[in-house]
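Encoded as structure tokens, the structure appears first; notes follow it.
Heavy-atom basis, side chains included; hydrogens, waters and symmetry copies ignored. Since we're looking at a predicted model, the values are computed, not measured. Numbers restart at 1 for each chain; the letters A, B, ... are given by sequence-line order, proteins then strands.
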There are 4 protein chains.
Amino acid sequence: MGRRYDPDRRERIIDAAIRIAGDQGIAGLSHRSVAAEADVPLGSTTYHFATLDELLIAALRKVSDDPQSAGTGWATALAGPGGGLAERLTALLGGLVAEDRSRVRLEYELYLAALRREALRPVAAEWLDAFVEVVRAHVGGDAATARALVALIDGLLIQLLLTGRAFDPDEVREGLLRIIGGRDVPGAGAPGVSG
Amino acid sequence: MGRRYDPDRRERIIDAAIRIAGDQGIAGLSHRSVAAEADVPLGSTTYHFATLDELLIAALRKVSDDPQSAGTGWATALAGPGGGLAERLTALLGGLVAEDRSRVRLEYELYLAALRREALRPVAAEWLDAFVEVVRAHVGGDAATARALVALIDGLLIQLLLTGRAFDPDEVREGLLRIIGGRDVPGAGAPGVSG
Amino acid sequence: MGRRYDPDRRERIIDAAIRIAGDQGIAGLSHRSVAAEADVPLGSTTYHFATLDELLIAALRKVSDDPQSAGTGWATALAGPGGGLAERLTALLGGLVAEDRSRVRLEYELYLAALRREALRPVAAEWLDAFVEVVRAHVGGDAATARALVALIDGLLIQLLLTGRAFDPDEVREGLLRIIGGRDVPGAGAPGVSG
Amino acid sequence: MGRRYDPDRRERIIDAAIRIAGDQGIAGLSHRSVAAEADVPLGSTTYHFATLDELLIAALRKVSDDPQSAGTGWATALAGPGGGLAERLTALLGGLVAEDRSRVRLEYELYLAALRREALRPVAAEWLDAFVEVVRAHVGGDAATARALVALIDGLLIQLLLTGRAFDPDEVREGLLRIIGGRDVPGAGAPGVSG
DNA sequence: AATGAATGAGCATTCATTCAT
DNA sequence: TATGAATGAATGCTCATTCAT
């Protein structure tokens, strides 16, 4: 009965929202679904987050700050040794397509929602920018090339997820290589070179 | 009471659905919103389309058959004279972004929504494939290059829609050129003239 | 397109209604469900049967006239050789409970519907009376005993179907025997003795 | 706006459901009909009872806890003085059939509806078992006889409700007597006096 | 005689949010 | 501070029946 003392409740609600958005999509988010997933009374979700948008934004930001997610997660993966940038991006993409896709789905879910909902646009832009920044460090600080790479990757991922085509590493690598040209900066990954 | 014979009813409902999807997004579709927009009784929408998905798909297919849309529209635009493929694609993209963005938004909304909703996947795949086919005709039938071009374009458009950045024709053209390399086939696709 | 010449259509609709009532219950009957099951246009069902009740009654009457059903079906089964009346009734009940229960279900479905719907009461009464008549022939024309037997059987069937209890032939036979007493008329089964 | 605090709301909804089920039958229950009968907003019924089945079951259980109903009511009635068990049961049945039949109808509606609807089966089985237990106390604990008596009574009541026949006390008493045989236990169940 | 189209009423449910406590 | 109760609006969908052809 009585309210239990539960200082992490806010965080637990956010985590539940992330889980739901990943599993069922943003459309599956509701005060009720989150309350159930977080095992928290309904009123608690509206108490901590006045509106659903507020909760959704908090959830998305938490994901993008998470070391596993777009920004930092990719940074780690790309920093690893082995092959040129195209090779490492290809490996990364292959992994994303093969393993549990819920994180990828969540990312595109966010893009989708942001297309129509003003309030989410900044968060989506942050995700994109974070990813561009990571890539930029590997191409000698060339922002245009980084943006093109990210665009190509997003477009390829969408194609892979939408059509049934199998992931073809050679084709992917070849496309990335054309964009990269000779701009690959082998040792990069730390606070990159700005240009 | 109301008019009982109305042979274009079905078409009018589809058109209303297209308008709503364009204006408010796919999420704005409901039997009620469509009925209101089409000025038709609620029961009429469920009579002609057993489920909302059925209506949505009919609407999306009608959009893709529209001469304005991806397949046909792009074919015409790319066939026109003036510059190489990269140049023409850049102009096309510039146009899309400049004018009313609702059609572009609808396209990406479909792609992203299809990631989650099985039923939309075939239509989305059709849109993608149609676009790839059009582009392929201009790169000497090289499917891999066509797919990469479409991916790059999709990614760039998503970036434009989500971030506030302005459309930069030079940057876009440069990206496209890198993918195209020397594969541009001047006379392809239609009686186009290259420069 | 055009209307096929289909003189059995009316009958096919009734049969479809019987199938649906047996499988999904009377509540599952609708012009639509019947039309689909009979593979007939929706308008056809309302053309042949002005209201749903009309169709339902036609269906129930057809079942009760069917040699397989309550009246005649039981007559045949009870007429067979082997043991006294209690024994044969017990075997019959065991069979009903064990095999496909849809016919039993349909019978009780009818009782249920008739409890509240005036129009169905005569049909339900006919079923009951037909059954009583059959049994009566086996107890020397004693109507009261026949009614009690039918009542006991209905009550036992309901208990068996509702609770998970296993069918206990000895218990059932014993109950029937108490009602029958010495009234069993071995050779009966044909146009019985009236009294 | 409307009254916002109303602690008996839940109970009032259940009572409304009972009234509707009694008057119009189980099929007459809908969130709307209950809300109207209880003079409560529609959302209130779904707030307190997530599904209609939940509400229906709550209502049926409340009926069976009611001192008027099968379990308790019959226990009291059978405990009273006057005649043997058959006599008292006959009187009881006569009373049930003579007075407002809506409660009897509701009982058999539940039994028959439960044949189809899994969710109702437990409640129906409870009703049946409670009745059997009451009767069992009067036949020296003989469960088989109690079950047969209840079955006979159920079958007879169904016949009475469905056919137009008048209640014939002699016939009913005779049937009950045959099942009971000499098992009547005068002083059983409660401080009843047999004659 | 037959049927596709149409429609208004109804259904169970879900929901974001508000509010009294 | 926290939350159970409450509610009005909306959702997708089903339906019996009517009607124009």
Side-chain angles (χ1 to χ4, degrees), chain A residues 1-7 9-10 27-35 40-55, chain B residues 1-10 13 27-36 40-55, chain C residues 1-7 9-10 27-35 40-55, chain D residues 1-10 13 27 29-35 40-55:
Chain A
M1 289 260 153
R3 81 209 84 162
R4 336 170 218 162
Y5 176 62
D6 185 356
R9 173 153 300 188
R10 201 188 137 93
L29 269 194
S30 76
H31 285 123
R32 278 156 191 74
S33 62
V34 173
V40 141
L42 171 59
S44 198
T45 62
T46 57
Y47 174 71
H48 288 286
F49 304 91
T51 69
L52 253 198
D53 265 20
E54 207 173 286
L55 169 55
Chain B
M1 307 253 150
R3 88 209 83 165
R4 300 285 309 205
Y5 190 63
D6 182 355
D8 297 331
R9 176 68 56 97
R10 200 187 140 93
I13 292 174
L29 270 195
S30 77
H31 285 124
R32 278 158 186 77
S33 64
V34 172
V40 142
L42 173 58
S44 199
T45 63
T46 59
Y47 170 72
H48 287 285
F49 303 92
T51 68
L52 252 199
D53 268 11
E54 208 175 283
L55 169 54
Chain C
M1 289 257 153
R3 80 208 87 163
R4 338 170 217 161
Y5 176 62
D6 185 355
R9 175 152 297 189
R10 201 188 137 91
L29 269 195
S30 76
H31 285 123
R32 277 156 191 74
S33 62
V34 172
V40 142
L42 171 60
S44 197
T45 62
T46 57
Y47 174 71
H48 288 286
F49 303 90
T51 69
L52 254 197
D53 265 20
E54 208 173 287
L55 168 56
Chain D
M1 312 253 148
R3 90 210 81 167
R4 300 285 307 208
Y5 190 63
D6 182 355
D8 297 331
R9 176 69 54 99
R10 200 186 141 92
I13 292 174
L29 270 195
S30 78
H31 284 124
R32 276 157 187 77
S33 63
V34 172
V40 142
L42 173 59
S44 198
T45 62
T46 59
Y47 171 71
H48 288 285
F49 303 91
T51 68
L52 253 199
D53 268 11
E54 209 174 282
L55 169 55

Could a donor-acceptor pair under 3.5 angstrom be found where the side chain of D:Arg32 meets the base of E:dA12? yes

d(CG, B:Leu52; C1', F:dA10) in whole Å: 13 Å

For the residue pair B:Gly28 and B:Ser33, what are the closest heavy atoms and their distance? O-OG, 3.0 Å

List the residues meeting side-chain hydrogen bond (donor to acceptor under 3.5 Å, both in side chains) with A:Thr45, not counting sequence neighbours, and say none if there are none. none

For a quick test of reading the model: is some side-chain N or O of A:Arg9 closer than 4.0 Å to OP1 or OP2 of F:dT1? no

Any idea which heavy atoms bring D:Glu54 and D:His48 closest together, and the distance? OE2-O, 4.0 Å

Of the non-hydrogen atoms in D:Phe49 and D:Ile13, which two are nearest, and what is the gap between them? CE1-CG2, 3.8 Å

Defining pairs by Watson-Crick or G-U wobble geometry with both distances under 3.5 Å, how would you list the stems of DNA chain F with at least three pairs each? E:2-21 with F:2-21

What pairs with A:Leu29 under side-chain contact (heavy atoms from CB on, under 4.5 Å), at least two apart in sequence or on another chain? A:Ala17, A:Ile20, A:Val34, A:Leu56

What is the distance, rounded to the nearest whole Å, between atom CD of B:Glu54 and atom P of F:dT14? 11 Å

Rounded distance (Å) that lies between atom C1' of F:dC13 and atom NE2 of B:His31: 7 Å

Give me the residues of residues 41-50 of chain D where at least one heavy atom lies under 4.0 Å from an atom of DNA chain E, by number, or none. D:Leu42, D:Thr46, D:Ala50

Non-neighbouring partners of B:Thr46 that pass side-chain hydrogen bond (donor to acceptor under 3.5 Å, both in side chains), sequence neighbours left out: none

Counting any heavy atom closer than 4.0 Å, what does D:Leu55 reach on the DNA or RNA strands: base, sugar-phosphate only, or nothing? nothing

Once you round to the nearest 0.5 Å, how far does OH of D:Tyr47 lie from CZ of D:Arg10? 10.0 Å

In whole angstrom, give the distance that lies between atom CG of B:Asp8 and atom C1' of E:dA6. 15 Å

Check the distance between E:dT17's P and A:Asp53's CG and give it to me in whole angstrom. 8 Å

Report yes if at least one side-chain N or O of B:Ser30 is closer than 4.0 Å to OP1 or OP2 of F:dT11; otherwise report no. yes

